[in-house]
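The block underneath contains the structure these notes are about, expressed in structure tokens.
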Amino acid sequence: MTKIQSVVRGVGGYLPERVISNDELSKTVDTSDEWIVQRTGIRQRHVAAEGEMTSDLALHASRMALEKAGLEPADIDLIIVGTTTPDHTFPATAALLQRKLGISHGVAFDVQAVCSGFVFAVATADSYLKSRMAKRALVVGAETFSRLLDWTDRTTCVLFGDGAGAMILEAQEVANDAPEKGVLVSSLRTDGSHWDKLYVDGGPSATQSVGYVRMEGREVFKHAVGMISDVVEDVLEKTGKATSDLDWFIPHQANKRIIDGAGRKLGIPEQKTIVTVDRHANTSAASVPLALWVAIEDGRIKPGDLVMIEAMGGGFTWGAALIRW
Ligand code: UT7
């Protein structure tokens, strides 16, 4: 008897060239480096250039992931892009990315779960691979979140940034008793009753405009740690693992205080937690794959490591996945 494992073949990332420091921001909005660092841990954010779109950032990250995997675009038959800032209302940014990669076979679609988009996309790709609907998936989190910001609203504009991360998952058929590898288990949740605590006040159907991010920061903060812990514990329980089995914890990078709070609640030491929010700010669906990319490139995540990813965002949506590298 055999089973299919969704194995990670490569990870890539991309950050736009332009960096905006807290000090630079504080020249145009009533804030300070001290407030932003103390409340969020953020020191700077990358912002896409004029005309640089989400699919462009996704393309850079995807090409790098393909290179790391030693694969060509033609080898991919499933593209899922987690994004809340698509180039256009339609078609899906995944379709535009597919075109930019020069391929036209397979299936490509977006997943809209805001900051949880990458975790939702990983779980979706894993299901496609395990049910033999695809062989190799390009899973992307990509955002030009700066385009959704009201740059006069200090309660939101200091928090976000742009970027993209990509991961290639491959279906590998192995004996039933083969050692565990790849995506082991995912846990996803949504509770739409919280929709108006974090949303965009525009959209094609509601206003025929794009709109800006609106957030009750304190309310989101209040729910974040509990929701994150719930899905992480669910994944651990389903796989029979303990937090002490984890080699790396890759949390969504929204706020250092939320990351610390979740780590404390779950009993995961700081040394096992990857933090990029100081340099990237909150890049929504791109935050987890960017943190993965950073930790692989600097040699922290190695083959055989057990890696927990998690995210929480608008909807509310939240989710976690456990991956054996
Ligand atoms: O991926 C999920 C997406 N979102 C999140 O995860 C965000 C979750 N929430 C948070 O991270 C935090 O709630 C924030 C960072 C947004 C805010 O931190 P806080 O400690 O909850 O501050 P607060 O909202 O309670 O505001 C404290 C004070 C307020 O002034 P008053 O009313 O006490 O006079 C704000 O007006 O800080 C003020 N304030 C600022 N001051 C300087 C709010 N934003 C700023 C700012 N600079 N940028």
Side-chain angles (χ1 to χ4, degrees), residues 20-45 82-85 111-121 141-143 145-146 148-163 165 188-192 194-201 212-232 250-263 265 275-278 280-291 309-320:
I20 300 182
S21 68
N22 291 347
D23 281 335
E24 186 179 345
L25 254 188
S26 62
K27 288 184 186 132
T28 52
V29 63
D30 182 18
T31 188
S32 65
D33 177 57
E34 194 194 352
W35 189 94
I36 302 171
V37 171
Q38 196 187 53
R39 301 286 178 133
T40 71
I42 296 166
R43 294 182 181 275
Q44 60 172 47
R45 70 285 294 140
T83 188
T84 204
T85 46
V111 162
Q112 162 57 295
V114 204
C115 297
S116 310
F118 183 75
V119 179
F120 275 51
E143 303 277 14
F145 217 86
S146 60
L148 288 181
L149 297 175
D150 171 356
W151 288 94
T152 64
D153 175 10
R154 69 177 183 173
T155 69
T156 52
C157 79
V158 304
L159 303 173
F160 296 93
D162 301 338
L188 306 180
R189 285 294 323 275
T190 303
D191 181 353
H194 297 289
W195 76 274
D196 56 353
K197 296 187 178 80
L198 175 52
Y199 73 108
V200 165
D201 63 4
Y212 293 117
V213 173
R214 303 296 173 205
M215 176 167 72
E216 290 176 41
R218 229 175 291 185
E219 280 297 307
V220 180
F221 197 108
K222 224 169 64 187
H223 287 87
V225 172
M227 288 176 161
I228 290 163
S229 308
D230 268 357
V231 279
V232 168
I250 321 272
H252 172 47
Q253 309 284 321
N255 186 323
K256 181 69 165 54
R257 287 156 59 210
I258 297 176
I259 294 173
D260 291 344
K265 187 154 196 277
V275 177
T276 52
V277 68
D278 52 333
H280 302 170
N282 181 351
T283 57
S284 183
S287 102
V288 167
L290 275 171
I309 62 172
E310 60 84 348
M312 182 264 173
F316 290 151
T317 56
W318 64 108

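Order of listing sets the numbers, starting from 1, for every ligand and every atom in it.
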Query raised in the report: With no hydrogens and no angle check, is any side-chain donor or acceptor of Glu219 less than 3.5 Å from a backbone partner on Phe221?
Result: no

Indicate yes or no: at least one non-hydrogen side-chain atom of His194 is less than 4.5 angstrom from one of His223.
yes

The answer, listing residues by chain and number that come under 4.0 Å of ligand 1 through any heavy atom, is Asp30, Thr31, Trp35, Arg39, Thr40, Cys115, Arg154, Thr155, Val158, Leu159, Leu198, Met215, Gly217, Arg218, Val220, Phe221, His252, Ala254, Asn255, Arg257, Ile258, Asn282, Met312

Sequence neighbours excluded, the answer for ring pair (Phe, Tyr, Trp, His ring centres under 6.0 Å) partners of Phe160 is Phe145

By ring pair (Phe, Tyr, Trp, His ring centres under 6.0 Å), Trp195 pairs with (sequence neighbours left out) Tyr199

For Lys265 and Val225, the nearest pair of non-hydrogen atoms, with its separation, is CD-CG1, 3.8 Å

Quick note, salt bridge (charged side-chain N to carboxylate O under 4.0 Å, His left out) partners involving residues 24-44, not counting sequence neighbours, are Arg18-Glu24, Asp30-Arg154

